[in-house]
Protein chains: 2
Amino acid sequence: VFLANIDPDLQYRVLDQVEGPSLVAADTMNFWIQGKRRALLRTLERVDLLVLNEAEARMLADEPNLVRAAQVIRSWGPKGVVIKRGEYGAIYFADGHVFSAPAYPLEEVRDPTGAGDSFAGGLMGYLASTGNVEPDNVRRAIVFGAALASFNVEDFSFRRLQSLTYPEVAERFRQFKGLTSFEAEV
Amino acid sequence: VFLANIDPDLQYRVLDQVEGPSLVAADTMNFWIQGKRRALLRTLERVDLLVLNEAEARMLADEPNLVRAAQVIRSWGPKGVVIKRGEYGAIYFADGHVFSAPAYPLEEVRDPTGAGDSFAGGLMGYLASTGNVEPDNVRRAIVFGAALASFNVEDFSFRRLQSLTYPEVAERFRQFKGLTSFEAEV
């Protein structure tokens, strides 16, 4: 279940209605971090994977260093934290895992609105369709989300997503391999 | 040969004195981009690999989009462009290659001064010691430079580099593999 960015009290009540979720993921924002911090922390105790952007991670943890911010947040409940970095991609922290995924370099970005939401949607869709919530699969889910988000920003609103096909997303997923690969010898 | 960030006319004259270099790499900055643009473009015609930061790439190409900025710069001579992105790593453009490397996520960054220079030094040292300037080896050289830069920022000035050993750099290089790897299946 993905608790999108709403009032943390509502997120909590939604959770009460979900029976035995395989994974609880959540998003949040500055408005709730500042205005409903206590309710947010209560909800976080029940969250497995928190997805938020850099500024939000720093604000929530009250810690400018992202590695330490992720540690602080993970001490409150979430086993994993995915920090979105816009055009720079995303970084994922979990037990024994640090994974950095780039954003797909595009020649034309028409509308960044919804990039974070399509990223989270792709990530969750990948986890749901594969039925595997282990960290190694979360890595792939992050790349899948980044691929989906890269299409979303190619056109205004969700116009590009309307015509998007699964093979196109799969092909871009594969391109992330070439984008990040190097031979591990020194 | 690495033409570090000096007056592009001087870079040009240094090149005149180098006999048959295997690779000409160069760095530059806003001061020369704005103040000695013509001399800089003349030098770039003889440069194989340009290393500069995001703001410099955008300013030099007069193009906000990094992918297009790299294309513009490559049309002036450099076969490869490495764009430094500070805590976000670096991105490399060459014929048929786009490679994105993260920065190493550190719990403590004490002094970012010299990160870009130690990155370039590590990159060039790796290319020189391996004697291979092909794009696939430039990828590895970028990771090596990123590993070296990550040590440099751990302490003030070049204090950390004074005690740094090769096995430490090699070990961190290997950690970049874990930091970026995911199974390429969808």
Side-chain angles (χ1 to χ4, degrees), chain A residues 54 63-71 83 85-93 96-109 122 126 129-130 135-144 146-147 166-167 169-186, chain B residues 54 63-71 83 85-93 96-109 122 126 129-130 135-144 146-147 166-167 169-186:
Chain A
E54 282 190 294
E63 165 60 55
N65 181 284
L66 275 196
V67 180
R68 286 206 296 250
Q71 284 167 356
I83 300 175
R85 312 172 106 181
E87 64 175 309
Y88 301 109
I91 188 162
Y92 165 58
F93 298 91
H97 286 258
V98 184
F99 174 60
S100 183
Y104 188 79
L106 289 167
E107 269 185 63
E108 188 152 344
V109 174
Y126 187 83
S129 71
T130 55
D136 276 335
N137 204 47
V138 174
R139 288 176 179 240
R140 284 192 286 273
I142 286 167
V143 175
F144 195 87
Y166 187 82
V169 185
E171 171 58 22
R172 190 157 288 180
F173 179 100
R174 280 187 289 271
Q175 288 172 350
F176 273 81
K177 202 70 200 173
L179 183 59
T180 58
S181 69
F182 61 96
E183 265 181 61
E185 51 177 64
V186 268
Chain B
E54 281 189 295
E63 165 61 55
N65 181 285
L66 276 195
V67 181
R68 286 206 296 249
Q71 284 166 357
I83 300 175
R85 312 171 106 180
E87 64 174 309
Y88 301 109
I91 187 162
Y92 166 58
F93 297 92
H97 286 258
V98 184
F99 174 59
S100 183
Y104 188 80
L106 288 167
E107 269 184 62
E108 188 150 346
V109 174
Y126 187 83
S129 72
T130 54
D136 275 334
N137 205 46
V138 173
R139 287 177 179 241
R140 283 192 286 274
I142 286 167
V143 175
F144 196 87
Y166 188 82
V169 185
E171 171 58 22
R172 190 157 289 179
F173 179 100
R174 282 187 288 272
Q175 288 172 350
F176 272 82
K177 202 69 200 174
L179 183 59
T180 57
S181 70
F182 61 96
E183 266 182 61
E185 52 177 64
V186 269

### Query
For the atom pair CD (B:Glu87) and CD (A:Glu54), what is the distance rounded to the nearest 0.5 Å?
5.5 Å
#### Entry: Exam field: side chain B:Asn65 to backbone A:Leu106, donor-acceptor pair closer than 3.5 Å
yes
### Message
Shorter than 4.5 Å, heavy atoms on both sides: which option in B:Leu66, B:Val67, B:Leu179 has the most such pairs with chain A?
### Response
B:Leu179
### Query
Centroid-to-centroid, A:Phe182 to B:Phe144, below 6.0 Å?
no
#### Entry: Side chain / backbone / both / neither for B:Tyr92 at chain A, heavy atoms under 4.5 Å
neither
### Summary
Applying a strict 4.5 Å limit to non-hydrogen atoms, the region of B:Glu63 in contact with chain A is neither
## Note on the structure
Turns out that what part of B:Val143 lies under 4.5 Å from chain A's heavy atoms comes down to side chain
### Task
Indicate the atoms forming the closest heavy-atom contact of A:Glu107 with B:Arg68, along with that distance.
O-NH1, 3.0 Å
### Task
Look only at the side chain of A:Arg139 and the backbone of B:Ser181, and say whether a donor-acceptor pair between them is shorter than 3.5 Å.
yes
### Message
To the nearest 0.5 Å, what is the distance between OG on A:Ser100 and OH on B:Tyr88?
### Response
11.0 Å
### Task
Let me know if B:Gln175 has heavy atoms under 4.5 Å from chain A in its side chain, its backbone, both or neither.
neither
